[in-house]
Amino acid sequence: MEKEKTARTKTAPAGSAPAESAPAGSADGAYAAEEITARGAENFPFEKITAPLVKWFNENKRDLPWRHNPEPYRVWVSEIMLQQTRVEAAREYYLRFLSALPSVSDLAACDEEKLMKLWEGLGYYSRVRNMQKTAKIVCEKYGGNFPSDEKSLRALPGIGDYTAGAIRSIAFGLPSPAVDGNVLRVCSRLAADGTDISDATYKARLKALLLNAYPNTPQGCSDFTQALMELGALICTPRVISCEKCPLRALCRAEKLKKTEEYPVMPEKKEKRAENVWAFVIETPRGYSVRKRDAGVLKGMNEFPSLVVPQSETTRKGGADGDADGGIAARAEQILKDWGVEEPHAESVEKYTHIFTHVRWEVTAFFVRAKSSPFDEYAFSQLIGETAFPTAFRRCIDLLKDKRAKRKNGRVRKNESDEGGGKNGSKRIQTRF
């Protein structure tokens, strides 16, 4: 790996000159191989990409709802949603969100539970909490109008350098680069720049270099920012690189070197931390138990009561036969009783995996009947229609729907929790108490 990385960033020998047939800086981008490897983003003519890129964008751009009437509130909502979310997945969420909260004042005044329900499934819930904080500040301090200067935008909760650049250029028509993953990838390939994209200074360097490429009209500024994003999303993608369709192919140094797949230089991937989570779907005559998470991942979100257990607990031996499942059952029953759940009885247990950015949850979901529970309780119709759950716990609801359907149809058998594959990517295990 280290050897490959060195090869990407090596410089040409001192005094080397470009080949006569490919003069450095030629308009068609035909640099000699040794000249290309000697150059980085600082020596790339970014001002030459503007005209062909904007022309391509206006001829090929997707019809996306946030591109209609791109005023600051709408642009801001879309950019926050599109963080960690694919465009196609975000489209319906965006339309639903704008329908329910068409203005920044509506967002500022929105009930928290309603807001979380609108965001349900998008994940990273701190985003929407920061959105409401920002909406309140914009209403109270700026009269409901987003500021256009970078310093004021950056001071708002949840708005960083990229989002501020997107709002300023797309909504206000100002020359303000917005450098995200797509733009980093495009620029790294164009310039054959071997800088690791996790380098803290790289975005700032590209932002300064791109500033000179911005058109001198508001619409041009808006189009240029979106065009860079669009090129990275449709043509210059991480895995499928459609150089033959790229409007900047003649300028692209990585393409000239036939090394597009080597750029951008990525940081070494870190192993995700694994956590064993036990979640309890507790049903009593009054409904299903729900509480707010008070710490860790998804803090403040609704959950079925859960806790992180050490690896030793997942293989604990106990029960009549001294088996592992018996030990798990005994420990789970004790947890429920310690919480104040009366007469718990596990009907079935399922396992599934949920992946966050930096952590992997190995979830064991216990479906429990009990006499009573100390937690807030909801009818099933409230669980699926009114109560916001993060995706990690919505998997439990999907499994619960299957179990209720079987129960209703009289198809639940004594061996329902026998080992075997469950729906929704889960696995049943034999654990009862």
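Keep in mind the model is a prediction, meaning the values are calculated, not measured.
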Legend entry - F366 side, atom CZ; C396 side, atom SG - distance, nearest 0.5 Å: 11.0 Å
Legend entry - Donor-acceptor contact present, side-chain R127 to main-chain I80, <3.5 Å: yes
Legend entry - Side chain R273, main chain V359, donor-acceptor under 3.5 Å: no
Inset, instruction - Mark yes when over 12 heavy atoms from residues, nucleotides or ligands other than K292 sit less than 6.0 Å from its NZ; otherwise mark no. - result: yes
Legend entry - Side-chain donor/acceptor of Q226 to backbone N/O of S222, under 3.5 Å: yes
Inset, instruction - Determine, step by step, whether V138 and Y73 satisfy the side-chain contact (heavy atoms from CB on, under 4.5 Å) criterion, reporting the C-alpha distance in whole Å, the side-chain angles of both residues, the deciding distance to 0.1 Å, and the verdict. - result: CA-CA 10 Å; V138 169; Y73 174 69; over 6 Å; no
Inset, instruction - Report yes if the side chains of V290 and F393 come closer than 4.5 Å at any heavy-atom pair, otherwise no. - result: no
Inset, instruction - Could you walk me through whether L206 and F46 pass side-chain contact (heavy atoms from CB on, under 4.5 Å), step by step? - result: CA-CA 10 Å; L206 287 178; F46 282 105; 4.2 Å; yes
Legend entry - NZ or CZ of R404 within 45° of F380 ring axis and under 6.0 Å: yes
Inset, instruction - Salt-bridge test for R205 and D193: reply yes if a basic N is under 4.0 Å from a carboxylate O, no otherwise. - result: yes
Legend entry - Nearest atoms (heavy-atom pairs only) where T353 meets E362: OG1-OE1, 2.7 Å
Inset, instruction - For atom NZ of K61, decide whether the heavy atoms of other residues, nucleotides or ligands shown that lie under 6.0 angstrom number more than 12. - result: yes
Inset, instruction - Before accepting this row, confirm whether a basic side-chain N of the pair R249/E255 lies closer than 4.0 Å to the acidic partner's carboxylate O. - result: yes
Legend entry - T364 (side chain) donor-acceptor with K351 (main chain) under 3.5 angstrom: no
Inset, instruction - Identify the two heavy atoms, one from A108 and one from C139, that lie closest to each other, and give their separation to 0.1 Å. - result: CB-SG, 4.1 Å
Inset, instruction - Could you walk me through whether N182 and L231 pass side-chain contact (heavy atoms from CB on, under 4.5 Å), step by step? - result: CA-CA 8 Å; N182 281 333; L231 191 71; over 6 Å; no
Legend entry - Least distance between heavy atoms, V186 atom then C236 atom: CG2-CB, 3.9 Å
Inset, instruction - Could you go through the salt bridge (charged side-chain N to carboxylate O under 4.0 Å, His left out) check for E59 and K55 one step at a time? - result: CA-CA 6 Å; E59 292 172 353; K55 180 177 184 293; 2.9 Å; yes
Inset, instruction - Using the ring of W339 (Phe, Tyr or Trp, six-membered ring only), decide whether R291 places NZ or CZ under 6.0 Å from its centre and within 45 degrees of its axis. - result: yes
Legend entry - Close side-chain approach of M229 to I170, heavy-atom, < 4.5 Å: yes
Legend entry - Short side-chain to backbone donor-acceptor contact, K203 and D180, under 3.5 Å: no
Inset, instruction - Run the numbers on E230 and N60 for side chain to side chain donor-acceptor pair (under 3.5 Å), then give the verdict. - result: CA-CA 9 Å; E230 196 82 336; N60 296 276; over 6 Å; no
Legend entry - Salt-bridge present (E347, K403; N to O < 4.0 Å): no
Legend entry - Which atom of M131 lies closest to which atom of L107, heavy atoms considered: O-CD2, 3.8 Å
Inset, instruction - State, to 0.1 Å, how close Y93 and W119 come at their nearest heavy-atom pair, and which atoms those are. - result: CE2-O, 4.4 Å
Legend entry - Separation between CZ of R394 and CG of L400, rounded to the nearest 0.5 Å: 11.0 Å
Legend entry - V77 side chain near L101 side chain, heavy-atom distance below 4.5 Å: no
Inset, instruction - Could you check whether the rings of F304 and F389 sit parallel, tilted or perpendicular, using 30° and 60° as the cut-offs? - result: parallel
Legend entry - Aromatic ring proximity H358/F356, centre distance under 6.0 Å: no
Inset, instruction - Specify the closest pair of heavy atoms between K207 and P177, including all atoms of both residues, with the distance to one decimal. - result: O-CG, 3.4 Å
Inset, instruction - Taking the side chain as every heavy atom from C-beta outward, state whether Y214 and T50 have any atom pair closer than 4.5 Å. - result: no
